[in-house]
Amino acid sequence: MKKSVVSKEYQNLQQDILALQENWKKSINPEAIIPKLNKAAMSAGVPAAALASINFEISLFLQWIEEINALLTQNNPELELKFAEVRKLLNEETAIRWIDEAFSFNSVYFAGFAEEKGLEEWIPPFLAETALRPYLQVAAEKIQHEITHAVPGAGCPVCGEPARLAVLEDEGKKVMTCPRCLAHWNAKRIECAHCGNDDHKTIQFLTIEGDASSQIQVCEKCIGYIKVIDTRQYLSKPSPAMLDLNTIHLDFVAQEQGYQVVGEIKQTN
């Protein structure tokens, strides 16, 4: 099993963030999230969480951002001044906008916000996404019993996160899992999560020397890839978020060879 290329310090920080998020989830009123499943919309690839009624408690969201700021500053005191600027900018109106834009992966909005306010580009989307995830995870818990598969190319059927991680369970059963909302769904062993291609001639598996538990499934039809991890070889199964982080070397390998997180059908003349 290959040692993670991610530093132990960063792994520990991520574990602390995940612990915070687990604690935050306990503060969410279960009645604040009401699934409204529409099978036709979900069959068209609309994320189930986008159909749900989610009553965000903005005061909680702002409190969580304060807590994540405190954790990051504890690990890196130089961030204090930067987060002080964020504190001045954050109000209820901005928080609501952050939730909407983080939910829809609007990186253009966050890049513009950071530039306009003189912030480092990573700060607004990181804070917004980190504080959003507990709501998405509670939504996924409520919807999970209805999730059996995903529409190829639509990403996670609950939150829309691009599909990139699968685990092998039991007798080699392939299960896609979402590091963002923690939803999971079954998938065919030979099938591209991005375009649905199931031709074994154009679905390949790349292996990494010294990493017997991991493969990269690549599709020659759309040039997409996912990571496939045999968690049966793990003494203790890590969370999807940590599994995704600790296998980032697979993303480097796949992208260096020209494969993409989100596949695109190749144009032919």
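Since the structure is predicted, the reported quantities are computational estimates derived from the model, not experimental observations.
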Could you check whether the rings of Phe113 and Tyr109 sit parallel, tilted or perpendicular, using 30° and 60° as the cut-offs?
tilted
So which of Gln204, Gln260, Gln255, Arg164 actually passes side-chain hydrogen bond (donor to acceptor under 3.5 Å, both in side chains) with Tyr225?
Gln255
Heavy-atom side-chain contact between Leu165 and Ile229 under 4.5 Å:
yes
How close do Leu89 and Thr94 get, counting heavy atoms only, and between which atoms?
O-OG1, 3.6 Å
Which residues pass the side-chain contact (heavy atoms from CB on, under 4.5 Å) test with Glu141, sequence neighbours left out?
Lys25
Restricting to side-chain contact (heavy atoms from CB on, under 4.5 Å), what partner residues turn up for Leu62, sequence neighbours left out?
Ile58, Leu90, Ala95
A quick test of your reading: do over 12 heavy atoms of other residues, nucleotides or ligands sit less than 6.0 Å from CD of Gln257?
yes
Restricting to side-chain contact (heavy atoms from CB on, under 4.5 Å), what partner residues turn up for Ala19, sequence neighbours left out?
none
Do the non-hydrogen side-chain atoms of Gln21 and Thr130 ever get within less than 4.5 Å of each other?
yes
Side-chain contact, heavy-atom cut-off 4.5 Å: Ile28 with Pro134?
yes
Expected output: side-chain Ser7 to main-chain Tyr10 donor-acceptor under 3.5 Å
yes
Taken in chain and number order and not counting sequence neighbours, the residues that satisfy side-chain contact (heavy atoms from CB on, under 4.5 Å) with Ala52 are Ile54
Under a plain distance cut-off of 3.5 Å, with no hydrogens placed, do Gln15 and Gln11 share a side-chain donor-acceptor pair?
no
Take atom CD of Glu146 as the centre, draw a 6.0 Å sphere, and report whether it contains more than 12 heavy atoms from other residues, nucleotides or ligands.
yes
Would you call Asp211 and His249 a side-chain contact if the rule is heavy atoms closer than 4.5 Å?
yes
Look at the side chain of Lys227 and the backbone N and O of Ser214, then say whether any donor-acceptor pair between them is shorter than 3.5 Å.
no
Are the charged groups of Lys201 and Glu220 less than 4.0 angstrom apart, N to O?
no
Checking Arg232, Lys237, Lys174 against Glu169 for side-chain hydrogen bond (donor to acceptor under 3.5 Å, both in side chains), the one that qualifies is Lys237
Ignoring hydrogens and angles, tell me if any N or O in the side chain of Gln217 forms a donor-acceptor pair with the backbone of Ile203 under 3.5 Å.
no
Partners of Lys117 by side-chain hydrogen bond (donor to acceptor under 3.5 Å, both in side chains), sequence neighbours excluded?
none
Donor-acceptor contact below 3.5 Å, side chain Asp170 vs main chain Lys173
no
If you measure from the Lys or Arg side-chain nitrogens to the Asp or Glu carboxylate oxygens, is any gap between Glu129 and Arg133 under 4.0 Å?
yes
May I ask you to check whether Phe61 and Trp98 place their ring centres under 6.0 Å from each other?
no
Side-chain touch His194/Lys221, heavy atoms, less than 4.5 angstrom
no
Any side-chain heavy-atom pair from Tyr259 and Val253 closer than 4.5 angstrom?
no
Within-4.5 Å side-chain heavy-atom neighbours: Leu13 and Leu71:
yes
I need the minimum non-hydrogen distance between Met42 and Ala48, along with the two atoms involved.
CE-CB, 4.0 Å
Non-neighbouring partners of Trp24 that pass ring-ring contact (aromatic ring centres under 6.0 Å, His included), sequence neighbours left out:
Trp64
